[in-house]
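In what follows, a single structure is set out as structure tokens and then discussed.
Chain A is the first sequence line, chain B the second, and so forth, proteins listed ahead of strands; every chain is numbered from 1.
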Amino acid sequence: MTAPSLPDDCVPYLPRGVRLHDDKVRGIRVLLAPERAISLDPVGDAILSELDGARTLGDLIAELAARYQAPAEQVGQDMREFLTGLIDRRMVFLRESGARGA
Amino acid sequence: MDDIGGHDILGNPVSARAPMAMLAELTHRCPLACPYCSNPVELTRVNSELSAAEWADVFQQAAAMGVLQVHLSGGEPASRRDLAEIAASARDAGLYVNLITSGIGLTQARLRDLDAAGVEHIQLSLQGIDAEMADWIGGYTGSFARKMQVAEWIGEIGFPLTLNAVVHRQNLDRLPEMIDLAERLGCRRIEVATVQFHGWADLNRRPLMPTLEQAAEARKVVNEARLRLRGRMVIDYVPADHHATFPKSCMGGWASTGINIAPDGTVLPCHAAQTIQSLEFDNIRARSLAEIWYNGRAFNAFRGTAWLPEPCASCDRREIDYGGCRCQAMALAGDPTATDPVCSRSPLNPVLKAQAQQDAVSEDVALVYRRMPKETRA
Ligand code: SF4
Ligand code: SF4
């Protein structure tokens, strides 16, 4: 594992073909992607639910740290690790701050 | 979603959890004739295919049971003119909709309809890296050029794309070029699957069986490409069974995660299950999907591990591979309850390995193509 090094000003987003889903039968939240369905714990769900394709990673860290009253450093590390795993699997995409478009 | 269940083939009680995925074989019709097609050797005729309305009902039932993803497949799903309508009904049911296609029969207009219908991902099959190889394997002149055109349209619309490369002795040496092609086409994934030698492929073992050297080289190519392409493209690789020490896991266990619906509504634990002729399979036209999944005899037949014979019964890998593939046990041992002969602990393994090596050095390049029985077109 390389240390996650996502910059604060990148904008993570769920690309086309990847989406969150309410699995009512099992009572869980899942991430649906090509050939994959990943069940999410509340933390994973909270992170991915915030990805709106507009806010930067830095914004999201601040937002979640405030909501869960946790140190931003810890939240940042957890988020970077979680997102890096999904980026490697092509389930989360990144765009440089500012630029829009899928 | 509580466990409900019946009995395995020996009468042991078994239970099942909710299914996750469905493979919907919309038709067995296909313009190509790949000699390793996973469809049964007995193909379903057009006039017994489920209607779009019947598929819509199947998808509603599936979603209510907990199925999350549906793979629209065939044959060639585009051979059905009502494909977009079927896709839309799957999406309406709340399912994640994946289309598995050769691309032949898709036009730009049809792809736009599929986009509007809510298709979320496309898997495009690849028979070879150029027209010469691909058209020969697919048995269809012009298929490669057509496919490349379709890939371009897919990119323009923006569907996420996976290239499904089926590899064997005739094309495995060109794996690096296949990976490059996937990259050029902007694929998020490439699936490199060695031919599974059941059904049609079993008739073509001599021309298609990879050599040990090829398999080892392919492994190296995949490992190197995974490093190089990390974060850009995912590579899923299914090596050749016949060269392995242990069998591949039967999909988390027989009838544990997926449901396969054949074009005529026969409900199967997996695409190859009909090769096990001692099992009787229910049809969705006669029973509900839930009843078939939880109580159907074919589904319960090999659930769990209690039915496993020796050497599996006392093997520490039995919860990992569930004794391997039932259909392969049927094909190679003539007994669906046998240890998968691909396993090095199977008494049949030495014979199988010797046969595979012999097939791999065969100079035979004559292919037995998949063919539909003659019929009047609907
Ligand atoms: S029996 Fe074989 S083909 Fe069927 S699901 Fe298991 S491994 Fe796959
Ligand atoms: S003996 Fe059976 S359980 Fe053990 S590795 Fe072989 S197939 Fe799997």
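Residues of residues 31-41 of chain A lying under 4.5 angstrom from chain B, judged on non-hydrogen atoms, are A:Leu32, A:Ala33, A:Pro34, A:Glu35, A:Arg36, A:Ala37 in numerical order. The interface of residues 110-117 of chain B with chain A, defined by heavy-atom distances below 4.5 Å, comprises B:Asp115.
Heavy-atom pairs under 4.5 Å with chain A were tallied for B:Arg188, B:His121, B:Arg232, B:Met233; the largest tally goes to B:Arg188. With chain A as the partner, the residue from B:Ala63, B:Ala21, B:Ala64, B:Pro19 showing the most heavy-atom pairs under 4.5 Å is B:Pro19. When the candidates B:Asn98, B:Val234, B:Leu68, B:Ile122 are compared by the number of heavy-atom contacts under 4.5 Å with chain A, B:Leu68 comes out ahead.
Separating the CZ atom in A:Arg16 from the CD atom in B:Glu120 is a distance of 8.5 Å, to the nearest 0.5 Å.
For the pair B:Pro160 and A:Gly17, the tightest heavy-atom approach, listed with the atom from each and the gap, is CG-CA, 3.8 Å. Nearest heavy atom pair, residue A:Val25 against residue B:Ala18, reads CG1-CB, 4.5 Å.
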Compile the donor-acceptor pairs under 3.5 Å between side chains in residues 62-71 of chain A and protein atoms, sequence neighbours left out, one pair per line.
unit_1  : atom_1 : unit_2  : atom_2 : d
A:Glu63 : OE2    : A:Arg67 : NH2    : 3.4
A:Arg67 : NH2    : A:Glu50 : OE2    : 2.5

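Residues B:Thr162 and A:Arg90 have side chains not in contact (no heavy-atom distance under 4.5 Å, counting atoms from C-beta outward).
For B:Asn164, the side-chain hydrogen bond (donor to acceptor under 3.5 Å, both in side chains) partners are B:Gln123, not counting sequence neighbours.
Proximity to chain A (any heavy atom under 4.5 Å) is shown, for B:Leu161, by neither the backbone nor the side chain.
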Q: With side chain to side chain contact (heavy atoms under 4.5 Å, CB included) as the test, would you mind laying out the steps for B:Met20 and A:Arg26 before giving the verdict?
A: CA-CA 11 Å; B:Met20 305 282 294; A:Arg26 298 174 185 79; 3.3 Å; yes
